[in-house]
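Structure first, then comments.
Order of listing sets the numbers, starting from 1, for every ligand and every atom in it. Computed from a prediction, not measured in an experiment: that's the story for all the values here.
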Amino acid sequence: MDKLCGVIERGVGGFYYANTENGIIECRAKGIFRKKGMTPLVGDRVEVELNPDKKTGMIAEIFERSSVLVRPAVANVSQMMAIVALESPKPNTYVLDKLIASAEYAGLKISLCFNKSDLTEDTKLPELYEKAGFEVVIASAAEEKNIEKIKALLKDEITVFAGNSGVGKSSILNKIICEERFETGKVSDKTERGRHTTRHSELVKLPFGGYIIDTPGFSSFELESVLPEELPGLFREFGQFLGACRFMDCRHIAEPDCGVRKALDEGKISESRHESYKLLFDEVKQASQKY
Ligand SMILES: Nc1nc2c(ncn2[C@@H]2O[C@H](COP(=O)(O)OP(=O)(O)OP(=O)(O)O)[C@@H](O)[C@H]2O)c(=O)[nH]1
Ligand SMILES: [Mg+2]
Ligand SMILES: [Zn+2]
């Protein structure tokens with residue numbers, strides 16, 4: 001029996017499309033996975049047993065995953081690139097900080113792409129995140145600005161594109177692959193919301209190495225199991241100030257002699273990041289009390 005290795009690029013209604021050395025093979029999963037309670041995921045590295053027609057096959061093995069995300073459901077992601085529109089829809093720092101914290105928790109590399117730079121000159125937000133220690137690109141899909149910089153960050157990684165509907169994920173992706181392959185949708189003038197043009201996750205092989213996953217708009221990965229005391233560790237720029245807190249169990253919210261709050265007063269930590277931290281702290285605290 002012919003066997004091939006491949007990567008699942010797409011899954012629709014029980015069919016999986018694996019990219020192999022023989023091209024894309026349409027596969028079903030063997031019954032054994034269902035018995036084990038396992039579902040093949042987009043991003044999975046698999047072994048495919050070819051059917052006699054050589055065009056279709058069965059997934060016979062799923063190789064060990066380096067990471068698993070639940071929402072969107074993808075395996076082996078190594079990087080999260082957050083796409084934020086500088087304008088239309090207006091950026092929401094809380095939503096972005098929650099997304100970043102969830103990617104930190106999942107152990108992913110993080111990069112931030114601020115899109116639609118053709119609509120505004122204001123670069124305060126990208127500067128804020130650069131100062132906080134993130135890899136930042138200011139780009140415009142419309143004007144094809146800094147697409148090469150984005151490509152350099154994507155090379156050899158499996159990157160999930162994240163960000164609200166309408167920020168331009170599919171538009172950037174089309175520029176990167178130099179093809180109008182992904183449908184884009186208008187942002188409503190009234191609500192400033194996108195229309196959820198992209199419906200399911202799909203892996204796209206990059207000609208220069210690596211994969212990218214276009215996802216339906218979503219705003220964070222799972223944060224349900226984060227404990228309140230783990231949260232400061234998900235705000236990377238807090239790290240160097242944590243040692244200066246008087247109390248070992250300082251929450252960095254209202255305690256005296258808090259290193260983080262001192263850094264906040266001195267402008268070394270941004271107010272919006274600390275604001276997001278406080279809101280998220282309440283969220284994870286409530287979630288952890290449910291159990
Ligand atoms: N002015 C401007 N408009 C852009 C830019 N990039 C994308 N757009 C527009 O923004 C709208 C939404 O773009 P999409 O690429 O569909 O956004 P998306 O993030 O994929 O949205 P969903 O698939 O709904 O999650 C479209 O009308 C694009 O033409 C840009 O750099 N500048
Ligand atoms: Mg899209
Ligand atoms: Zn503190």
Side-chain angles (χ1 to χ4, degrees), residues 71-72 80-92 95-96 99 112-123 126 137-147 149-150 159-177 179-202 204 212-220 228-229 231-233 235 237-266 268-269 273-274 277-278 281:
R71 224 183 26 226
M80 187 270 305
M81 182 177 274
I83 315 289
V84 181
L86 286 166
E87 226 8 289
S88 178
K90 274 219 182 332
N92 177 324
V95 170
L96 176 60
L99 176 65
L112 310 178
C113 170
F114 291 87
N115 188 35
K116 308 200 186 185
S117 67
D118 52 292
L119 298 181
T120 173
E121 307 263 280
D122 187 350
T123 55
V137 186
I138 300 174
S140 164
E143 292 184 338
E144 300 197 22
K145 193 182 136 202
N146 280 339
I147 302 298
K149 272 198 190 163
I150 300 175
T159 303
V160 61
F161 260 22
N164 287 339
S165 183
V167 295
K169 298 180 293 298
S170 300
S171 302
I172 291 174
L173 197 41
N174 286 337
K175 293 298 174 205
I176 285 166
I177 59 174
E179 204 184 308
E180 291 300 309
R181 177 163 157 193
F182 294 92
E183 210 192 321
T184 59
K186 280 218 165 4
V187 175
S188 148
D189 290 338
K190 247 204 224 136
T191 62
E192 282 224 326
R193 286 215 181 120
R195 300 182 174 186
H196 296 285
T197 310
T198 305
R199 297 272 169 196
H200 46 244
S201 301
E202 179 172 340
V204 183
I212 198 163
I213 303 161
D214 188 23
T215 64
F218 72 99
S219 53
S220 80
E229 58 269 30
L231 196 62
F235 283 73
E237 72 274 38
F238 290 12
Q240 57 174 309
F241 304 111
L242 297 176
C245 299
R246 189 202 308 175
F247 301 108
M248 281 289 283
D249 60 351
C250 185
R251 297 170 308 152
H252 325 299
I253 293 175
E255 292 82 353
D257 296 328
C258 164
V260 170
R261 288 178 62 218
K262 181 158 173 276
L264 179 68
D265 289 342
E266 292 169 353
K268 293 174 183 160
I269 286 175
R273 290 275 291 166
H274 192 253
Y277 168 79
K278 287 193 287 187
F281 189 89

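The distance criterion of under 3.5 Å between nitrogen or oxygen atoms is not met by Ala139 with respect to ligand 1. At a 3.5 angstrom cut-off on N or O pairs, Gly166 counts as close to ligand 1.
Taking all heavy atoms of Lys169, Lys145, Lys116 into account, the minimum distance to atom 8 (N) of ligand 1 is reached by Lys116. Checking Asp118, Leu86, Asn174, Ile83 against atom 2 (C) of ligand 1, the nearest heavy atom belongs to Asp118. The heavy atom nearest to atom 31 (O) of ligand 1, considering only Pro89, Ala85, Ala141, is found in Ala141. The option from Ser165, Ser171, Ser117 that lies nearest to atom 15 (O) of ligand 1, judged by heavy atoms, is Ser171.
If you put the vertex on the Zn ion (ligand 3), SG of Cys250 and ND1 of His252 sit 100° apart, to the nearest 10°.
A 4.5 Å side-chain heavy-atom check between His252 and Lys278 finds every atom pair outside the cut-off. Contact annotation: the side chain of Pro232 approaches that of Tyr277 to within less than 4.5 Å [non-hydrogen atoms, C-beta and beyond]. With a 4.5 Å cut-off on side-chain heavy atoms, Phe161 and Ile213 do not count as touching. Side-chain contact between Phe247 and Pro256: present, with at least one pair of heavy atoms (C-beta onward) separated by less than 4.5 Å.
The contact set between ligand 1 and Leu119, taken as ligand atoms under 4.0 Å from a residue heavy atom, comprises 1 (N). Near Ser140, with a cut-off below 4.0 Å to any heavy atom, the atoms of ligand 1 are 31 (O). Proximity to Ala142 (heavy-atom distance under 4.0 Å) selects the following atoms of ligand 1: 2 (C), 30 (C), 31 (O), 32 (N).
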Next on the checklist: Pair Lys116, Glu87 - check salt bridge (Lys or Arg N to Asp or Glu O under 4.0 Å), show working.
Outcome noted: CA-CA 7 Å; Lys116 308 200 186 185; Glu87 226 8 289; over 6 Å; no
Next on the checklist: Using salt bridge (Lys or Arg N to Asp or Glu O under 4.0 Å), reason through Glu237 and Arg273 one step at a time and then give a plain yes or no.
Outcome noted: CA-CA 9 Å; Glu237 72 274 38; Arg273 290 275 291 166; 2.7 Å; yes
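Of the heavy atoms in Val167, both backbone and side-chain atoms come closer than 4.0 Å to ligand 1.
Atom NZ of Lys145 has more than 12 heavy atoms from other residues, nucleotides or ligands within 6.0 Å.
Of the options Asn146, Val84, Ile172, Ile138, a side-chain contact (heavy atoms from CB on, under 4.5 Å) to Cys113 is made by Ile172 and by none of the others.
At a cut-off of 2.8 Å, Ser170 coordinates the Mg ion (ligand 2) through an N, O or S atom.
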